[in-house]
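Here the structure comes first, spelled out in structure tokens, and everything after it is commentary.
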Amino acid sequence: MPELPEVETVKIELTDKIIGLEISKVALTRTKMLINITPEYFTSRLEGKRIIDISRRGKYIIVHLLPKIRLVFHLGMTGILIYPYMEKFAKNNSGDIKLKHNHFIFNFNDSTQMVFNDVRRFGKVYLVNDVSEIKGIAHLGMEPLVDEFTPDSFFNILKSNSKKRIKSLIMNQKLIAGLGNIYANEALYRANIHPMRMASSLTHNDAVTLHEQIKHVLNKAIQLKGSTISDGAFRNTEGKNGKFKQEILVYARKGKKCLKCQHLIEMVKIEGRSSFYCPVCQKNNVFHQ
DNA sequence: AGGGGTACCTGCGGGC
DNA sequence: TGCCCGCAGGTACCCC
């Protein structure tokens with residue numbers, strides 16, 4: 001579920017709230033979500049450490065601790081970090097956060113708690129001296145919201161990956177870090193580019209437009225604190241919904257009218273992911289099967 | 001080399 | 001009502 005804007009939202013909120021706190025005790029119930037280390041090592045290395053910074057790289061959240069060590073979260077499809085955690089979140093109401101999916105509990109020296117809750121358990125937790133030890137991070141491509149991500153740098157990525165379909169390319173974390181299925185669909189629709197087009201078919205102008213729309217949808221989504229498409233999905237650290245859903249133009253709108261031209265939105269699978277597009281606005285005039 | 005299939009998981013909504 | 005199926009914001013791996 002969580003893409004760059006959702007992860008950035010969590011980073012911003014945690015930065016406001018937990019920097020300076022010291023971890024007093026850690027409890028966990030899902031050791032499979034802990035990567036390459038034992039629960040004993042994890043808890044013993046964390047207890048007594050102080051949080052000095054929070055950062056984000058791609059879809060990873062990095063908690064910087066002193067004495068130096070990094071606690072890293074990947075939220076998978078349904079992971080959420082809740083702070084401050086209160087029992088009301090665990091009430092069994094529909095759409096509420098369910099107690100049985102609380103897998104990690106971090107207790108702080110001020111008696112507050114942070115919980116990592118994850119329904120599908122695709123999330124991952126790491127504890128490393130340096131984030132480069134995490135392959136998924138070491139191989140990440142360019143951050144789309146930094147100054148170095150220019151239209152020309154984007155066009156260069158297209159040229160050196162010309163045989164990939166454009167949607168596969170922009171969702172490839174090794175090339176651009178942070179776009180997932182929702183924002184890839186939305187950026188392509190806004191740029192009038194068919195998701196099946198080969199990267200080689202994009203003109204420089206196409207690349208400029210798509211670059212602009214990628215930045216636009218990501219920035220807008222961060223402003224609106226991410227997307228919550230359905231119940232039981234992304235929540236911010238206080239358990240509240242993101243509001244980008246109201247800006248979604250094409251994602252999950254198969255069979256509905258295009259908001260620009262009234263034609264029906266179609267869907268095709270690309271690398272196993274549902275890809276929504278308007279066959280009129282996003283003409284695939286340069287198409288290799 | 002790109003991309004299909006599969007695996008990892010639980011939960012929801014639609015069709016019958 | 002209940003059951004079965006497909007689908008879900010992610011990623012890693014095997015295979016052709």
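Keep in mind that what you see is a predicted model, and the values were worked out from it rather than measured. Below, chain A is the first sequence line, B the second, and so on; all start at residue 1. All values below come from the heavy atoms of this structure, side chains included, with hydrogens, waters and symmetry mates left out.
Note on A:K269: every side-chain N or O is 4.0 Å or more away from OP1 and OP2 of C:dG6. Neither OP1 nor OP2 of B:dA7 sits under 4.0 Å from any side-chain N or O of A:K32. Regarding contacts with the backbone of B:dC9, every side-chain N or O of A:T78 stays at 4.0 angstrom or more from both OP1 and OP2.
Side-chain proximity of A:V119 to C:dG10, B:dT10, B:dG2: nearest is B:dT10. Residue A:K98 has its side chain nearest to B:dC12 when only B:dC9, C:dA8, B:dC12 are considered. Comparing B:dG2, C:dA8, B:dG11 against the side chain of A:H101 picks out B:dG11 as the nearest. Taking only side-chain atoms of A:N181, from C-beta outward, the nucleotide of B:dG2, C:dA8, C:dG10 with the closest atom is C:dG10. Of the listed nucleotides (B:dG2, C:dG10, B:dG11), C:dG10 has the atom at the smallest distance from the side chain of A:E3.
Checked by atom type, the side-chain pair A:S153/A:N156 shows no donor-acceptor distance below 3.5 Å. For the residue pair A:K283 / A:N192, no side-chain donor-acceptor distance below 3.5 Å is found, with atom types taken as modelled. Between A:T9 and A:K225, the side chains place no donor N or O within less than 3.5 Å of an acceptor N or O (distance only, hydrogens not considered). With 3.5 Å as the limit, one finds a donor-acceptor pair spanning the side chains of A:Y183 and A:E6. If you check the side chains of A:D130 and A:S132, you find a donor sitting under 3.5 Å from an acceptor.
Put simply, CG on A:L169 is 10 Å from P on B:dG2, counting in whole angstrom units. Atom CG of A:L75 is separated from atom P of B:dC9 by 18 Å (rounded to the nearest Å). Computed from coordinates, the A:I248 CD1 to C:dA8 C1' distance equals 13 Å when rounded to whole Å. Atom CG of A:N185 and atom C1' of C:dA8 are 13 Å apart (whole Å). Put simply, NZ on A:K164 is 15 Å from C1' on B:dG4, counting in whole angstrom units. For A:R30 and B:dC9, the CZ to P distance is 9 Å, given to the nearest whole Å. Spacing between atom CZ of A:F122 and atom C1' of B:dC8 amounts to 5 Å, rounded to whole angstrom units. Here C:dC7 presents its C1' atom at 14 Å from CD1 of A:I229, a figure rounded to the nearest Å.
Inter-residue side-chain proximity for A:D152 and A:H204 is flagged as met; some heavy-atom pair is nearer than 4.5 Å. Within the 4.5 Å cutoff, the side chain of A:F154 has heavy atoms near those of the A:L210 side chain.
The two atoms that bring A:F149 and A:E143 nearest to each other are CB-O, 3.5 Å, heavy atoms only.
At a cut-off of 3.5 angstrom, counting only N and O atoms as typed in the model, there is a donor on one side and an acceptor on the other between the side-chain of A:R120 and the base of B:dC9.
Between C:dT1 and B:dT10, the distance separating the two P atoms is 25 Å to the nearest Å. Atom name P, nucleotides B:dT6 and C:dC5: the rounded distance is 15 Å, in whole Å.
Cation-pi contact between A:K260 and A:Y189: present, with separation from the ring centre below 6.0 Å and deviation from the ring axis of at most 45°.
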Which is it for A:K11 and A:V7 under the side-chain contact (heavy atoms from CB on, under 4.5 Å) test, yes or no, and what are the steps along the way? CA-CA 6 Å; A:K11 184 212 98 178; A:V7 179; 5.7 Å; no
Using a 4.0 Å heavy-atom cut-off, write out nucleotides 11-16 of chain C from 5' to 3' as B (base contacted by protein), S (sugar-phosphate only) or - (no contact). BS----
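The residue A:Y183 sits apart from the nucleic acid: no heavy atom pair falls under 4.0 Å. Using a 4.0 Å heavy-atom distance criterion, A:K167 is classed as making no nucleic acid contact.
Evaluated for a side chain to side chain donor-acceptor pair (under 3.5 Å) with A:Y85, the options A:T237, A:N102, A:T112, A:N107 yield exactly one hit, A:N102.
Stem analysis of DNA chain C (Watson-Crick or G-U pairs, both distances under 3.5 Å, runs of at least three) returns B:2-8 with C:10-16, B:10-16 with C:2-8.
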